[in-house]
Amino acid sequence: MTPRSRTVAIGLHAIVSLWTLFVLLPVFVMVISAFKSQAELFTRPLSLPKQFSFAAFERAWGIGISGFLVNSLLVTALSVLIILLASSLAAYVLARSERPVMRWVYVAIVAGFAVPLQSVMVPLYQLVSSAGLLNSRLAIALPYAAYGIPFTTMLFYTFFLEFPRELEEAARLDGCGRIEVFFRIVLPLSGPAIASGAIFQAVFNWNEFILALLMLTRAEVRTLPVGIYGLTGQYSADWPALMAGLAIATVPLIIIFLLAQRHFVRSLAGLGK
Amino acid sequence: MFHLEVRDVVKRYARFTALSGVSFAAERGEFVVMVGPSGCGKSTLLRSIAGLEQISSGSVSIAGHDITAAEPSDRGVAMVFQNYALYPHMTVAQNMGFALKVARRPKSEINAAVMRAAEILRITDHLAKYPKALSGGQKQRVAIGRAITRAPEVFLFDEPLSNLDAALRSQMRIELSRLHRQLGATMLYVTHDQTEAMTMADRIIVMNGGTIEQIGSPLDLYNKPATRFVAGFIGSPRMNFVAAHVLRLAGRSVGFSLGAGLAPLDLEFAPGETLPFLGDAVVLGIRPEALGDSGEIHLADADVAVVEALGRETLVYSDAHALRTTDSESLDGYFAQLVPSQSDKRPGQRVSLRADRSAFVVFAADGATLHDASPALAHHK
Amino acid sequence: MNRPALPAGSLSASAMMAPALILVGVFILIPAVVAVVGSFFDFSMTSATWTFVGGANYRRAATDPLFWLAISNNIFIVVGSVITQVGGGAILAAILDRGIRRGSVVYRTIIFMPVVISSIAVAFVWMLILDPNVGPLNAVVKALGLSPPRLGWLGDPAISLWMLLLIAAWQNVGFQMMLILAGLQAIPKENYEAASLDGARGLKAFWYITLPGIRNVLVLATLITVIGGFKVFDLVFVTTGGGPANATQVLGTYTYTQAFSFGNMGYANAMAVVLLVTAALLGWLQVRLSRRA
Amino acid sequence: MQFRLNGEMRLIAATVLGAAVLVSPAHAEDIVLKMWTLDNNGYKEFIAEAAEAFKATHPNVTIEHQIFPGDPYKTALKVALVGSDGPDVFFNWSGDKAKQLVKDKLALDITDLGTAPGGFATVLPEGWLDAFRYDGRLYGAAIDAVSKYVFYDKAYFAEHNVVIPKTLGELGNLCKAIRKTDPDTIPMPLGNKTRWTAIHWMTMLNERAMGVAGTAADYDLTRPADQLYTDPGYAKAFQALVDLQDAGCFEDAPNATEYAIADSMFATRASPMEYCGTWCTSGLDAAGFTDYGFFRLPVMDGGKGSADANFLVPEGYQVSAKTAHPKEAVEWLSFLVSDQQGLKFAEKVQFLPSNTKLIDQAEGVSQSFKDIARDVGTLKQGVNVLDALLEATVADAYMNATVEVLNRTLTPEQAVTKIRDAAVAVQAKQ
């Protein structure tokens, strides 16, 4: 290595390291704050906690985080499942059809991506409400599913355009109907698209706040973000418990991401095509 | 009754017509190869027979049943794809047994069928492997095995050997021929490689621009091409073409002018052959092996440009200057000679291009063959 | 060659489309239409009757300085986000792709991590960090011998929007980096080898090989960022609530405030429609550009 | 093919229906009253125990209690009242928010049920009933009120020989003195990031400048447009805030500071004072800080306000116009404001109950809570808070103007102009 390229390499490492540090610090603050007392948090912001107390985690847990966790898991799993199924089916038809009208159908679905949630929140609420679906996990899972479909359809669409059609043709010759071709051949081979679709939508649905706040008013069905937000009272806020709750809510997603990230990067490459 | 019968098949897309009225029939057990340049419609025809394309009009029947509107799986066909199309998420055995599994056949029957096919193709050792663990040739066998398991009426092959290297390709050619004899099945085989067509086919269908140019046995096509296209397509290296026009007509004797400064060429047309008119532009064809140092006719002097010594034979390409080849496809207007021995020709050397009168084929301007080379050509040389 | 694997208009095709179409139709398109209709009426969320007012809500928007402030804030965030997120993401991706051999997976994983953290969590954590009394940032700035802004990072109208940009960058740079990195890695190595034989190395290789190679990815990354910038809500809602004194109001929060705090549903709908049309136009652009690519 | 497809469609339909059946609420023969409140400390236990006690007289009534964080509650409540799954009985602030629900016919007129024997109207004093009285009809029952006092660190005051200030001017001087002792000590942190702490100040500063009577016609927009918010007292009130800021009372960036942080500064005795609500006592107790005193916000020199008036925001319960069980709902309401429950409320929630008959018997509450309750009992005039009292857009303008005054981007006069513009615009629409 020449001295010059060594300097360059050190410089590049420095840039990436700096950003990595910048990314890590807030996460660090979140975790550390969760171990402090409120007074300690506000009087000694830069120091490590005097003693690592799990009291804040207990308080956060005490507001029923375990229940919120279960609700979030259920809602996220159900909505992601619906999203993956509905999007992949639709994207498959769209990617394989030559009819000009399908282009418009594609545009109509993808247009949903551009509709901001807060601009349709009230009609949406009234719809769910008049369907008697308030305070049910399904109520939240269906709109979540709907809002996840446009992006995931795009994702699957680009993936299916690249999918080797001979495999489908072989399966049709082997006696599969179109739906069987899809479920027995195409879907089992869509791992990367499924993985990244699942990650994106899990992240979104796991973290969604406003709709959950409006539609899940009973404490037993509330999801994590709303439940944790409950730690900020009318006139007070338990910051350490808040941070503890946020930390608890964040960990599962980071784990999922770590597990699936290889697939994820691969399918992102497909997105750009 | 023919085993496979294709009648007036037309396939139109929004912007072009891929097949414009194609008809042919194959006997049970026949090995039919469809050749033609890419885009000629041969793959479309194969896929139409498989049911992967819906034809615009016409009909297809197999073993007496009209299957024009049938689902692909109900047609009694199996297909081997160019890139194998093995299901990556299934083992070799699962790949081969998939069709039977879809048909909800008992496990024992599936296993037996898979075993039988695997034995025929000598891939019993690989049954538990996934496709990605196989070599190209092994994948090809599995793809064929998958077709065999289904015990179809008709096997369809879509350029199955084009992804293999040369040595493997010639080996697989032989195996396919053996397999054909062993199974006694009707096979329809698409390729753009005329060597495969010549070596394996009972009959060859030459396609061009969505229509059939000629159907016949390999040697028929070689010796009596119906059109200039067939003549050019069958045979390697390809036939040399010379632009000419009709100089004189005397009974069945026709004199052709080959160009300024070159001796005219007189050919005798057999009874039944169509005579051209005086002044017609025609094309003369002559196979590379018929072009040599000796022969009745001196065509032209030429300068050797490239020599390809292949050991047992030698290919000599030379520039005849005054003599015009007709199409840009031929190598820079070079004339190809196939010398059936090792040769001492060197580039830059001047040679004389000679041939026997009986070696010439005459094509009309529209490509139709007017005059055949002598069938005895093979013995003559 | 045309190879339709699915015949047009077959029953199974429509059946396969149905779940997606129904969900999108019922939960997105119909509410969107209702929102458009509502924009021509005057009503509050709790009122029983709707009064038709024609284009009054749109005229009101045109003369509402806060509406224009919100739009200009959105544009600020959009432009700023493209520069910081796509730009920063591209730089990091380029370094991780070719500049660094060791540890790139670790870097990549950490930098992407904020993407999976909820906006609510991000907002709360950053509120703590940026707090003028107890926040680590102030402490660090003071330790460096500098003086932090008197009104606080989020309390100073001149600074708060920049802070939002910073937080958004913190959260999203990883995503763009990952996207661009995937694009970079899809460029065949042979292209660089060929280019280097042709004498194109370093910046020239970047200009002639890398950039054209990731053009489509950059377009996608930019469009995602732009649409995200127009739709931004959670972050602003929790961190500043649009304050101080409306300084960080964006279309999303201002619409929400008008609808749910002031009860001006019709007006909120009109602004929502403006947002919707903007976002839809961008979405259309994305479809066009990605189709062409 | 078609056959197979039908099977699949049937499967999908069955799944959707099945899921819908699973999650649809069970309909019992018993009456279920849905009750929504904020999530204040002790609220859950209070309602749970009250519901249990209510069973004695109403064995068929089950109370389903749901709690919410503060700010989102306002939105969720409105949305839910319009929708199908709203509460039967719900918490609300008295003031504009309750008024709006009455106007939109979402809150039930409970005058007749409430004045029936044993009804809440026969229990609560007239003054408390006013909190939810509109056009002479009752639309709710006050359960409690919050008030605000300047809390101070007794030890600090003793150590530095500080006496309780009598006027705002003295308060300013006190701040200066504290800063003189230690420039880094913030005398009374504000924590106005969420905007309501400073509006609490303005609520009382307006009273101190103009008195309750002087502002009423501006607040309810009944003054003629050309006279709305023209009283110079409004600017004077803002000026008083600026003066206190200049005296160094507040932290540097009040608009960027979380109220929780301000609370913490006082609780950890980093600051000797805080202008805090009656709700603060329980938090201070929990933080282990009990040696504090309190005093009302001092009067303004030359102001028209009264020392006997103080911040007092009644809060209470309303009944949804959509409830299927109005009678039971009001009986439940009346039960909650009964003598016994008033005591329980004070003990559990440590807010000042509307029914204070038994407050002296309260156990487990701090002495300061009782002291405050006693002080509130001596008030001649309650001052409702601006952000609850004013029409929403005027309230918003007021909060933003206050933020800008603290940021020094508006002078007091400019701030009043902004508020006046908002008020005039709203009045013109009405």
Side-chain angles (χ1 to χ4, degrees), chain C residues 10-16 18-19 22-23 42-49 60 64 66 124 127-128 130-135 138 147-160 163 237-247 249 256-265 267, chain D residues 1-2 4-6 8-9 12 16 71-72 74-79 81-83 100-101 103-107 186 189 191-195 251-258 260-262 264-265 270 391-397 399-410 418 426 429:
Chain C
S10 68
L11 183 61
S12 61
S14 2
M16 289 165 88
I22 289 172
L23 282 170
D42 184 21
F43 63 105
S44 82
M45 190 166 38
T46 50
S47 60
T49 54
R60 177 173 170 187
D64 180 353
L66 275 183
F124 276 122
M127 272 158 71
L128 198 59
L130 298 178
D131 184 272
N133 303 284
V134 304
N138 258 27
S147 55
R150 190 179 57 83
L151 297 176
W153 300 101
L154 290 171
D156 190 330
I159 301 175
S160 50
M163 287 299 118
F237 183 70
V238 176
T239 342
T240 65
N246 292 321
Q249 209 70 264
Y256 182 90
T257 305
Q258 282 291 346
F260 297 107
S261 301
F262 301 160
N264 296 322
M265 289 301 305
Y267 184 41
Chain D
M1 188 64 223
Q2 197 173 344
R4 209 179 288 143
L5 177 75
N6 283 340
E8 272 173 19
M9 289 301 280
I12 291 168
V16 171
D71 225 32
K74 298 164 191 168
T75 306
L77 177 66
K78 270 190 261 184
V79 172
L81 287 176
V82 180
Q100 201 62 40
L101 295 185
K103 209 179 101 195
D104 289 331
K105 300 196 169 50
L106 292 169
I186 297 157
N192 191 45
K193 183 148 182 305
T194 37
R195 298 192 303 174
E251 70 274 27
D252 272 350
N255 291 320
T257 307
E258 280 292 314
I261 288 166
S264 240
M265 286 180 175
E391 190 276 338
T393 51
V394 183
D396 189 64
M399 287 193 277
N400 282 340
T402 310
V403 165
E404 293 212 59
V405 167
L406 284 171
N407 266 0
R408 301 302 172 87
T409 45
L410 286 182
K418 283 214 163 185
V426 172
K429 258 192 98 183

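The shown structure was predicted, so the numbers you read here are calculated from the model rather than taken from an experiment. The analysis underlying the following values was restricted to heavy atoms, covering all of them including side chains, and did not include hydrogens, waters or symmetry mates. Lettering of chains follows the sequences in order, A, B, ..., and the numbering in each one begins at 1.
- Only the side chain of C/Asp42 comes within less than 4.5 Å of a heavy atom in chain D; its backbone stays farther off.
- Distance check: D/Glu258 CD to C/Leu130 CG gives 11.5 Å after rounding to the nearest 0.5 Å.
- The shortest side-chain heavy-atom distance between C/Pro157 and D/Asn407 falls under the 4.5 Å cut-off.
- Side-chain contact between D/Asn255 and C/Leu151 is absent, with no heavy atoms from C-beta onward closer than 4.5 Å.
- With chain C as partner, the option from D/Leu406, D/Asn192, D/Asp252 having the largest number of non-hydrogen pairs under 4.5 angstrom is D/Asp252.
- In this structure, D/Ala392 and C/Ser261 approach most closely via the heavy-atom pair CB-O, 3.3 Å.
- Highest contact tally toward chain C, considering only D/Thr409, D/Thr393, D/Asn400, D/Asp396, is held by D/Asn400 [criterion: heavy-atom pairs under 4.5 Å].
- Of the atoms belonging to D/Lys418, not a single heavy atom falls under 4.5 Å from chain C.
- For D/Ile186, the part sitting under 4.5 Å from any heavy atom of chain C is the side chain, from C-beta outward, and nothing else.
- Rounding to the nearest 0.5 Å places CZ of D/Arg408 at 7.0 Å from CZ of C/Arg150.
- Residues C/Pro244 and D/Val403 share a closest heavy-atom pair of CB-CG1, 3.9 Å.
- The main-chain N or O of C/Thr239 is found under 3.5 Å from a side-chain atom of D/Lys193 such that the two form a donor-acceptor pair.
- Residues D/Ala256 and C/Leu154 approach most closely at CB-C, 4.3 Å, considering heavy atoms.
- Heavy atoms of D/Met265 lying under 4.5 Å from chain C belong exclusively to its side chain.
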